[in-house]
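If you're wondering where the values come from, they're calculated on a predicted model, not measured in any experiment. Order of the sequence lines fixes the chain letters, A, B, ..., with proteins taken first and strands second; residue numbering starts at 1 for each chain.
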2 protein chains.
Amino acid sequence: MRSKQSTITIHDVAKAAGVSVSTASRVLNNKADVSPETYKKVRQVIDDLNYTASLAAKSMRSRTTNVLGLLVPELIEVYYHEVIKGVGAAIENSGYDLLIYTSGSPTRNKRASWEREHVALLSSGLTDGCIIVSPSAPTFQQNANIVVIDPHGAGAEVPSVVATNHEGAIQAVDYLVSLGHRRIGFVQGHPTAWSALQRFEGYKAGLHKAGIEFEAALVCEGDFTSACGKAATYHLMNQPNPPSAIFAANDRTAIGVLEAAQELGLNVPQDLSVIGFDNIPETMQTTPRLTTIDQSIREMGSLGVRLLIDRLQNRESAQLLHTVPTHLVVRDSCWMRK
Amino acid sequence: MRSKQSTITIHDVAKAAGVSVSTASRVLNNKADVSPETYKKVRQVIDDLNYTASLAAKSMRSRTTNVLGLLVPELIEVYYHEVIKGVGAAIENSGYDLLIYTSGSPTRNKRASWEREHVALLSSGLTDGCIIVSPSAPTFQQNANIVVIDPHGAGAEVPSVVATNHEGAIQAVDYLVSLGHRRIGFVQGHPTAWSALQRFEGYKAGLHKAGIEFEAALVCEGDFTSACGKAATYHLMNQPNPPSAIFAANDRTAIGVLEAAQELGLNVPQDLSVIGFDNIPETMQTTPRLTTIDQSIREMGSLGVRLLIDRLQNRESAQLLHTVPTHLVVRDSCWMRK
DNA sequence: AAACACGCTGGAAACGATACCGGAAACGCG
DNA sequence: CGCGTTTCCGGTATCGTTTCCAGCGTGTTT
């Protein structure tokens, strides 16, 4: 055990100021019913002692903390940083503080239980409400103050922020088609992710719209990693009749496609066009720079904060599903079909 | 007031399992002295009820939470995100959870008091220890479990992580000198930052080493923003005898220099060489790509976590100041002097 | 057979803060 | 002067958890 930190409490303040704890508390919270001189005296002591109320104790007693929680699965993938930037921007001058929680425990892998546990953790008084990013099982207590961003699984009963994944995928296919491509490969996203499914559906809808018949052989399974992009590329390009373009369900996967293409000696975009989805910062640093569908991840974070605050202040709209538009970002990884 | 969230407590668990709260608590914490069948029964109930202990109550009672705190001033500037990535990487599988705290209140601007307040907030039981990024007044309780990263002001009495700012600046000047530059402008960093001072000193030391006389007219004040880089460039380049290279105290400022150069119709690097400091991701996307001194911000974050955990587990070394090496990253913004 | 140890359990006191209630002055008014 | 109000303050219960201590059956020892 470590040495106990002689943390100073409201009792110390009260004693030093010669008042009761109740009075000290009243001063702390700027409540009425305290004489000016008492107020000044206690304030002085608070300053002198460098006293700050324990968030733990405070939030245990009174159920409101002015703190918002953000639950992210990890802190390495840039995607989450983009969300955090959006949240950070929205929190500025909102009057709320922000608590981002992530777990370093190996148990984190059991995503579903991890989420359940930590949502409870945050909403058990520490925060007034909380935003969950990419929850795998978006089923929560009805009355909890929760907003989810990009949930796995549709039809959550809490306010959700999602990108127009379906339309975005159509935009991607449209673009490739406009460049003359007819055989377009697709690398799927994580099978449990609703966004992945929507993108796949959009891919099919885009083909249909262009009068191109869907071909199962051009579709590979995936899980949003770059590894699956690589594997898919090897698989697709070694077919007898390989595609002239590959649409990856997200940028991370598209980066894997780019790597594989290079290893296979294929020039992008001359020999193979590649398009991604998300518009993460790295896409500007790949060679060639990746053409992609932007889903304004930041905007999703900001919107999440606004929705949560609205809900907390009872200004909530009846609408549960909130969408952020996607749009095509043309860079250098797509070219006319030869 | 909002509707009370019917949050379920350990009492509910105890009642449902037909045991006392003490026993329920023992099961929760995997303490000894509880019969296997009781254990199983209680575990079952915990699962069924989706119960999670309130962090607030827990940390109030027992002084150890297995949570580390990270205090950042804001969440927009990429610099902090790099730190967070490093921290995030180090926290993985460390067995600790992470709580990042930032404030959205306008009072945040009163940095010193904000820090004092929030350090107390976090260390008042919520976390086992905490890491503070860029604290302006690194004077804390002696026995608090605190680690600081890139503190303003030298000689903190808590473990600190800093880059070799002095050496890094020398490296920058060395490089410019090796390209034939003799008149090298300098845009200073924020005056209260120790790192800024060190870089300035390094700049002077580098000149001295090369036998170049220091010239006050070539130095501009700054504050780490891009705006000051712009202003400084206008000022420097409109002098009768302008410098052939500008060394900015950080990348953000260097980006301002780049912008101003473009506005002035100066070609970088042909007409003007520019070098920054930090190596933030944006430096790869500027035109031309910015040559800079890398200070491995991520590594600083990771090291911070390791130091904190060491301290918590009493494996602390006597050394207080920990440095991370800087090194030159050559890209496209510097060229031989004409 | 008495005494003792031991495994398991429940009761109650804390942790630090706030909310509620009630009491003591001070003051105004008939 | 008595009485009701107002102003200010202190006491106490309470939030959900852990920890300490005591109790109670059994099994083991002398």
Please list each protein N or O that sits under 3.5 Å from an N or O in nucleotides 12-15 of chain C, with the distance.
{"from": "dA14(C)", "atom 1": "N3", "to": "Arg61(B)", "atom 2": "NE", "distance (Å)": "2.7"}
{"from": "dA14(C)", "atom 1": "N3", "to": "Arg61(B)", "atom 2": "NH2", "distance (Å)": "3.4"}

Which distance, rounded to the nearest 0.5 Å, do you find between the CD1 of Ile10(A) and the OG of Ser25(A)?
-> 4.5 Å

d(NZ, Lys58(A); C1', dT14(D)) in whole Å | 18 Å

When rounded to whole Å, the CD1 to P distance for the pair Ile8(A) and dG16(C) reads 11 Å

Please tell me which of the listed nucleotides, dC9(D), dT17(D), dC20(D), lies nearest to the side chain of Asp33(A)?
-> dC9(D)

Give a yes/no on whether any side-chain N or O of Ser25(A) is located under 4.0 angstrom from OP1 or OP2 of dT18(C).
-> yes

Report the distance from atom NZ of Lys41(B) to atom C1' of dC8(C), rounded to the nearest whole Å.
-> 12 Å

Reckon Ser35(A) has a side-chain N or O less than 4.0 Å from the OP1 or OP2 of dC8(D)?
-> no

Tyr51(A) and Asp12(A): CA distance, side-chain angles, deciding distance, side chain to side chain donor-acceptor pair (under 3.5 Å) verdict | CA-CA 9 Å; Tyr51(A) 165 78; Asp12(A) 303 320; over 6 Å; no

From Gln313(A) CD over to Asp128(A) CG, what is the distance, rounded to the nearest 0.5 angstrom?
-> 10.0 Å

Does the Ser302(B) side chain pair with the main chain of Gly86(B), one donor and one acceptor, at a distance under 3.5 Å?
-> yes

Could you check which residues of residues 10-18 of chain A get a heavy atom under 4.0 Å from DNA chain D? Sort them by number, please.
-> none

Lys/Arg-Asp/Glu bridge criterion (N-O < 4.0 Å) met for Arg306(A), Glu299(A) = yes

In chain order, what residues pass the side chain to side chain contact (heavy atoms under 4.5 Å, CB included) check against Glu316(A), with sequence neighbours excluded?
-> Pro159(A), Arg311(A)

Does the side chain of Lys31(B) get closer than 4.0 angstrom to OP1 or OP2 of dT19(D) through an N or O atom?
-> yes

Check whether any side-chain N or O of Ser54(B) sits under 3.5 Å from a backbone N or O of Ala57(B) as a donor-acceptor pair, and report yes or no.
-> yes

Nearest-0.5 Å distance that lies between atom NZ in Lys41(B) and atom OG in Ser35(B) = 7.5 Å

Counting only Watson-Crick and G-U wobble pairs with both atom distances below 3.5 Å, the stems of 3 or more consecutive pairs that include DNA chain D are C:1-30 with D:1-30

Can you check the Leu28(A) CG to dT18(C) C1' distance for me, whole Å?
-> 10 Å

Distance below 4.0 Å between Ser20(B) side-chain N/O and dG10(C) OP1 or OP2 = yes

Any donor-acceptor N/O pair, Thr102(A) side chain to Val72(A) backbone, under 3.5 Å | yes

Nearest-0.5 Å distance, SG of residue Cys130(B) to CG of residue Leu68(B) | 8.5 Å

Partners passing salt bridge (Lys or Arg N to Asp or Glu O under 4.0 Å) against Arg298(A) (at least two apart in sequence or in another chain) = Glu82(A)

Between Lys40(A) (NZ) and dC8(D) (P), how many Å, whole number?
-> 16 Å

State whether Tyr51(B) places a side-chain N or O below 4.0 Å from either non-bridging phosphate oxygen (OP1 or OP2) of dT17(D).
-> yes

Set of side-chain hydrogen bond (donor to acceptor under 3.5 Å, both in side chains) partners for Asn66(B), sequence neighbours left out = none

Write down the distance between OH (Tyr39(A)) and P (dC9(D)), rounded to a whole number of angstrom.
-> 13 Å

